[in-house]
Amino acid sequence: MLKQIGLLLFICVALCSCEPKGSKKEFEAVKKLFNQNKNEEGIVLTEQTTKLYPEDTASVEAAKLAAETCLKDSKTCGDREEIFLKFIIKRSSSEQDQIKSLKRLCEIYYDKGLYSQVVVEMSRLLSKQEFQDGRLEIRLKLARTNFYIKNFYQAQTELKKYLTEAKTEEEKFSGYQLQADIQAADKKYADAMKTYKYIFDNFKELYLKNQIYMNEVLLMEDQKQLDQAIGFLENLKPQIENHDFIQAKIERLKERKALLPGASGLKR
């Protein structure tokens, strides 16, 4: 209790000693506290400053320092980093400040699984003309986020934009891989199989390295196309180094087939 009273008194003194609105007194006080590793005091003072002087450029600078401190010291800050980031996005006249804060806010929401909020903030981020560094990555992440919340139409829309902008083989491969996932989840199995074939034909090395063939097998299993899955793996086996893994999967498929209603045992 005494500690809280002391902290409030300190803040009152610091605020009362500030120069008129438009000065850098508040920012300097916050900066000094953070330099002294008095993070809790600095964060509380920043909160008070942004409330008292929301339009002051010094408040934006204080909020930027507080947000950076929260990133390093999440234990002290809790969820207050989000508050400072939103303040910067709303109040800073610098589009680069807004972009940096939006990117970090997207990361926070993404890590928390708050995908509906991620979609909103990523869309705002992509609307910034100066946002170029990491733009393609965010475009793909936005498509994937829409996929997570089963907004398949919007996921495909964003993915189409991504594939138009993608340049390297790895970038295109990632896009088509997600496209197949979306199609499969949307129960467009024939389209998904066509996409897998396209990946194999155009990005064979990445297809094999990332074991995309297992996604195809799972899709066939879901449709109870066990003979097709077995034949697919048998044909693919010579191109895969880990033959034992593939053979084990083939045997499991044969065992599953034998357990299906009407099965009379494995063919020899």
A side-chain contact here means heavy atoms from C-beta on lying under 4.5 Å apart; do [X] and [Y] qualify?
X: Leu236; Y: Phe200; value: yes
X: Thr46; Y: Phe34; value: yes
X: Asn146; Y: Tyr153; value: no
X: Leu206; Y: Ile199; value: no
X: Gln177; Y: Ile212; value: yes
X: Phe245; Y: Met214; value: yes
X: Leu159; Y: Tyr176; value: no
X: Ile89; Y: Arg124; value: yes

Please check if the number of heavy atoms outside [X] that lie under 6.0 Å from its [atom1] is greater than 12.
X: Lys72; atom1: NZ; value: no
X: Asp201; atom1: CG; value: yes
X: Lys188; atom1: NZ; value: no

Open item on the list: Show, in sequence, the C-alpha distance, side-chain angles and deciding distance for Gln98 and Ile88, and conclude whether the side chain to side chain contact (heavy atoms under 4.5 Å, CB included) test is met.
Closed with: CA-CA 6 Å; Gln98 296 170 20; Ile88 297 165; 5.8 Å; no
Transitive ILVMFWY side-chain link [X] to [Y], under 4.5 Å:
X: Phe232; Y: Ile246; answer: yes
X: Leu105; Y: Val118; answer: yes
X: Ile108; Y: Phe131; answer: yes
X: Met122; Y: Tyr148; answer: yes
X: Met193; Y: Leu253; answer: yes

Would you give the length of the straight line joining atom [atom1] of [X] to atom [atom2] of [Y], rounded to the nearest 0.5 angstrom?
X: Lys64; Y: Phe27; atom1: NZ; atom2: CZ; answer: 8.0 Å
X: Ser94; Y: Ile99; atom1: OG; atom2: CD1; answer: 8.0 Å
X: Tyr207; Y: Tyr198; atom1: OH; atom2: OH; answer: 15.0 Å
X: Lys90; Y: Thr50; atom1: NZ; atom2: OG1; answer: 11.5 Å
X: Gln179; Y: Leu163; atom1: CD; atom2: CG; answer: 6.5 Å
X: Glu170; Y: Asn210; atom1: CD; atom2: CG; answer: 10.0 Å

Open item on the list: Ignoring hydrogens and geometry beyond distance, is a side-chain donor-acceptor pair present between Glu26 and Ser59 at under 3.5 Å?
Closed with: no
- [ ] Would you sort out whether Glu121 and Gln117 count as a side-chain hydrogen bond (donor to acceptor under 3.5 Å, both in side chains), showing the intermediate values?
- [x] CA-CA 6 Å; Glu121 300 305 335; Gln117 289 169 265; over 6 Å; no
NZ/NE/NH1/NH2 to OD/OE distance under 4.0 Å, [X] and [Y]:
X: Glu221; Y: Arg256; answer: yes
X: Lys172; Y: Glu169; answer: no
X: Arg104; Y: Glu81; answer: yes
X: Lys112; Y: Asp79; answer: yes
X: Glu28; Y: Lys25; answer: no

Open item on the list: Evaluate Glu216 against Lys197 for salt bridge (Lys or Arg N to Asp or Glu O under 4.0 Å), listing each step before the verdict.
Closed with: CA-CA 9 Å; Glu216 289 191 71; Lys197 185 179 185 307; over 6 Å; no
What are the two closest heavy atoms between [X] and [Y], and how far apart are they?
X: Cys70; Y: Cys77; answer: SG-SG, 2.6 Å
X: Phe147; Y: Asp181; answer: CE1-O, 3.7 Å
X: Val217; Y: Ala229; answer: CG1-CB, 4.3 Å
X: Ser174; Y: Tyr162; answer: CB-OH, 4.2 Å

TODO: For Ile43 and Arg80, run side chain to side chain contact (heavy atoms under 4.5 Å, CB included): C-alpha distance rounded to whole Å, both residues' side-chain angles, the deciding distance at 0.1 Å, then the answer.
DONE: CA-CA 8 Å; Ile43 289 163; Arg80 287 178 286 183; 3.5 Å; yes
Open item on the list: When you measure from the centre of the six-membered ring of Tyr110, is the NZ or CZ of Lys141 closer than 6.0 Å and no more than 45° off the axis?
Closed with: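 Judged by the rule, Lys141 and Tyr110 form a cation-pi pair.
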- [ ] Evaluate the criterion side chain to side chain contact (heavy atoms under 4.5 Å, CB included) for residue pair Tyr189 and Gln183; output intermediate values, then yes/no.
- [x] CA-CA 7 Å; Tyr189 301 127; Gln183 290 167 334; over 6 Å; no
TODO: Please step through side chain to side chain contact (heavy atoms under 4.5 Å, CB included) for the pair Gln132 and Arg135, ending with a clear verdict.
DONE: CA-CA 5 Å; Gln132 297 300 324; Arg135 185 180 187 85; 4.0 Å; yes
